[in-house]
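As structure tokens, the structure follows; a few thoughts come after it.
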Amino acid sequence: MIKAGIIRGEGKGKVVIRVRSTQPYTAEITSEQLRVLAEVARKYGSRVVHTTPRQAIEIPDVEESLVEEAIRELEKAGFKAGASGELTRHTFACSRWCLYNSTPVAEMVEEINEKYGDVEMPAKLTISFSGCDFSCARSRTSDIGVIAKTRIKVEPDRCIKCGLCVNDPLGCQVDALTVSKEKPVEWDSEKCVGCGFCSNICPVGSITAQEKGFDIYIAGGGGMFPREARLLKEFVSEERVLEEVDRIVEKYRALAKPGERLFSVVERVGIEEFD
Amino acid sequence: MAEEGFKLELPKVGIIKGVKPKDIEVVGEKIVNIRARAKPYSNIYTAEQLEKVAEVAEKYGSGKVHLSPRHNLEIPEVRNSMLMPALQELFAAGLQAGGSGTSVRNIFTCADYCPNKVRGVRELGAIVSELYGDLPLPNKFTISFAACPSGCSRPWNVDIGIIGIAELALEEEKCVDGCTACLEACPVEGAISIEGGLKIDSERCVRCARCARACTEGAIKVKDTGFKVVVGGKEGRTVLFGEEYLSFAKDYEVIEAIDKVIRQYKKLAQKRDRKKYERLGEVIQRIGGLEAFMSS
């Protein structure tokens, strides 16, 4: 009996199915999958599909007796029912087609989803991955938020004073760089947020991306009592991010009372417990 | 004036240029991403619309579609030369590009087939979308509606959040001994007490009306519904939470509030850095609070 991803709906005997895509990954669906969604919505629902703020897809108005059948059809197309009740939510990821060419997170997200997609937790748990500090995937209001950071190296003697790193719309967004016709590029590391956009823009390698790291935030939340997440670890290496997420999840499971969200646990025991 | 026939104009927002192709090979041409969304506004897509998106993604793109957090189905990697035919096909299916740049983004509403809803938000969302959708502003501007205080659509982290709430009426004499249905339904600890008489702590109560739906005796009833309007939230690099502007607004007052906030924002926003203007919440912070902002 499938339980995950079946939500109470409007009308007697009707439920809502909530699914996520697994191929290619959560944030993406293929044209074939769209057709399957359309067909399932037509056959079992009321011909409509709702997209949620966490990249889930909902098919409302499905007869309770037909739910399993509908979910099986969706599963065949690479959808997975889940993200309801006290389960981990879909790991939220920013777009692979980022205009700014931010750090790709899709592979990590797929790995996390493999492991923690729709796993039972003390309460709902949201994990979000963003490829840069601008945090389109809302990493700073999720239970666990991961934000990619790029360390850059600035070599003013290679600068040709073209000004692209500053003036290009896809260049520096926070005034951390200055350059003029007379003076080569200057970098204000205090203002820099480590997005790495400038290193994508610089045509002569005066600004280059060095190593990548990931900041890990915990204890944020949306909903009724929203709160901002707190920075737990800075610049964790790519190999260790998944380990860190594991560790936080295990800690949460061990410390939480039934129904307690991660932010309440952190408030009760202190963020140090998760360090 | 000479009459001209209908011609689809290139939308000002919703077409994202300068993206590097990832899944297809493109020689001698640029690609764009189309942020498609239903227009007139809707938070649901019909089966036919999904099939149209699938077709366009296959025909003109890489066959993949990105799900955005604000109801967009983003079709990446569309060849620039094929943009017009792609948009025309989408247009005929009730889909248009939109929801990018420094403008009012897609009006976001929650799924109001949800049993927790206090009042529907789709109709009002549609009106607001009609009035302000894609309106150019100093910076990105997000408006979200939630049908109950649970706030799945994240109304506290957007420029203007509109949250459905209930005014409750108690008839204590109808409350029966031994029943705890309202207590179990209440999401906030200590908001309802039944010992020594049914009471609601108005400080703690979030006015979601779950107690009223759980009460079978009619001791708690929904007297009226309205909206709480919160202003100045945002997400991203810095997080801000909205400040309460109206505590119990009627539909028309919601529209008036949005209009007033947008007017003040246009008037008061300044450059934040070389590239962008301040977001609404940043203006409010600089000016020293919502009250000062609204009366500046």
Side-chain angles (χ1 to χ4, degrees), chain A residues 7-11 16 21 24 26-35 37-39 41-42 47-58 60-61 92 95-99 101 133-138 140-141 166-167 169-175 193 220 222-224 226-229, chain B residues 16-23 33 42-51 53-58 61 63-74 76-77 108 110-115 149-154 156-157 187-188 206 208 233 235-239 241 273-276:
Chain A
I7 310 164
R8 260 192 316 151
E10 234 175 5
V16 182
S21 158
T26 335
E28 266 168 62
I29 39 179
T30 61
S31 53
E32 295 84 30
Q33 283 178 311
L34 276 172
R35 290 209 174 84
L37 278 177
E39 205 188 304
R42 216 179 259 135
R47 282 183 46 237
V48 297
V49 164
H50 171 71
T51 57
T52 81
R54 283 196 77 81
Q55 293 166 335
I57 299 157
E58 289 181 356
D61 304 319
F92 193 22
S95 169
R96 234 166 24 96
W97 294 281
C98 173
L99 183 61
N101 256 307
D133 201 60
F134 294 92
S135 184
C136 287
R138 295 192 293 242
R140 289 189 178 93
T141 50
V166 170
N167 300 324
L170 306 184
C172 184
Q173 305 287 313
V174 294
D175 290 359
V193 294
M224 204 174 271
R227 59 205 75 209
E228 185 175 354
Chain B
I16 303 169
K17 290 181 183 138
V19 196
K20 283 188 186 152
K22 298 224 160 81
D23 293 340
N33 287 7
S42 172
N43 64 7
I44 52 175
Y45 292 100
T46 64
E48 291 72 22
Q49 284 174 331
L50 293 182
E51 281 163 348
V53 171
E55 200 187 312
V56 170
E58 268 168 17
K64 286 186 184 141
V65 170
H66 173 76
L67 293 165
S68 98
R70 284 192 87 82
H71 297 318
N72 280 104
L73 292 174
E74 198 169 309
E77 320 207 327
F108 198 79
C110 59
D112 58 3
Y113 43 74
C114 172
S150 293
C152 291
S153 53
R154 298 180 164 251
W156 294 94
N157 289 113
V188 188
V206 293
C208 67
E235 243 287 0
R237 191 150 57 84
T238 49
V239 175
F241 298 105
D273 45 56
R274 285 188 209 115
K275 290 207 167 91
K276 294 221 165 99

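Throughout, a chain's letter reflects where its sequence line sits, starting with A, and its residues are numbered from 1. Only this structure's heavy atoms are used, side chains among them; waters, hydrogens and symmetry mates stay out.
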Side chain / backbone / both / neither for [X] at chain A, heavy atoms under 4.5 Å:
| X | result |
| --- | --- |
| V206(B) | side chain |
| N43(B) | both |
| V56(B) | neither |
| Y113(B) | both |
| K276(B) | side chain |
| P21(B) | neither |

Find the one option among [options] whose heavy-atom pairs under 4.5 Å with chain A are most numerous.
| options | answer |
| --- | --- |
| G18(B), A57(B), G63(B), S153(B) | G63(B) |
| E77(B), R70(B), E55(B) | E77(B) |
| C208(B), P149(B), G151(B), S42(B) | P149(B) |
| G61(B), G233(B), A47(B) | A47(B) |
| T238(B), T46(B), L73(B), V53(B) | T46(B) |

Listed by chain and number, what are the side-chain hydrogen bond (donor to acceptor under 3.5 Å, both in side chains) partners of N157(B), not counting sequence neighbours?
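Applying side-chain hydrogen bond (donor to acceptor under 3.5 Å, both in side chains) to N157(B) gives none.
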Under a 4.0 Å N-O cut-off, is there an ion pair linking E48(B) with R42(A)?
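A salt bridge is present here (some side-chain N lies under 4.0 Å from a carboxylate O).
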Identify which part of [X] has an atom lying under 4.5 Å from any heavy atom of chain B, answering side chain, backbone, both or neither.
| X | result |
| --- | --- |
| V193(A) | side chain |
| D133(A) | both |
| V166(A) | both |
| R54(A) | side chain |
| D61(A) | neither |

Where do [X] and [Y] come nearest, in terms of heavy atoms and distance?
| X | Y | result |
| --- | --- | --- |
| R237(B) | R140(A) | O-NH1, 3.1 Å |
| T26(A) | L67(B) | O-CD1, 3.9 Å |
| G236(B) | S135(A) | O-CB, 3.7 Å |
| P169(A) | K275(B) | CA-CE, 3.9 Å |
| F241(B) | P226(A) | CE2-CB, 3.5 Å |
| C152(B) | P53(A) | O-CG, 3.4 Å |

Are side-chain heavy atoms of Q49(B) and L34(A) found at a separation under 4.5 Å?
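A side-chain contact is absent here, since even the closest heavy-atom pair is not under 4.5 Å.
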So which residue, V48(A), L37(A), I7(A), T141(A), ends up with the most heavy-atom pairs under 4.5 Å with chain B?
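If we count pairs closer than 4.5 Å to chain B, T141(A) comes out on top.
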Counting heavy-atom pairs under 4.5 Å with chain B, which one of T30(A), L170(A), T52(A) comes out on top?
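Heavy-atom pairs under 4.5 Å are most numerous for T30(A).
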First locate atom [atom1] of [X], then atom [atom2] of [Y], and finally report the distance between them rounded to the nearest 0.5 Å.
| X | Y | atom1 | atom2 | value |
| --- | --- | --- | --- | --- |
| N72(B) | S95(A) | CG | OG | 11.0 Å |
| C98(A) | K22(B) | SG | NZ | 7.0 Å |
| T51(A) | I44(B) | OG1 | CD1 | 10.0 Å |
| H50(A) | C110(B) | NE2 | SG | 7.5 Å |
| Q55(A) | H66(B) | CD | NE2 | 5.5 Å |
| I57(A) | L50(B) | CD1 | CG | 8.5 Å |

Donor-acceptor under 3.5 Å (K20(B) side chain, N101(A) main chain):
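Here the side-chain-to-backbone pair does not exist.
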I'd like to know if the side chain of D175(A) reaches the main chain of R274(B), judged simply by a donor and an acceptor atom lying under 3.5 Å from each other, with no hydrogens or angles considered.
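Yes, because the side chain of D175(A) sits within donor-acceptor range (under 3.5 Å) of the backbone of R274(B).
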R47(A) atom CZ, over 12 foreign heavy atoms within 6.0 Å:
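No.
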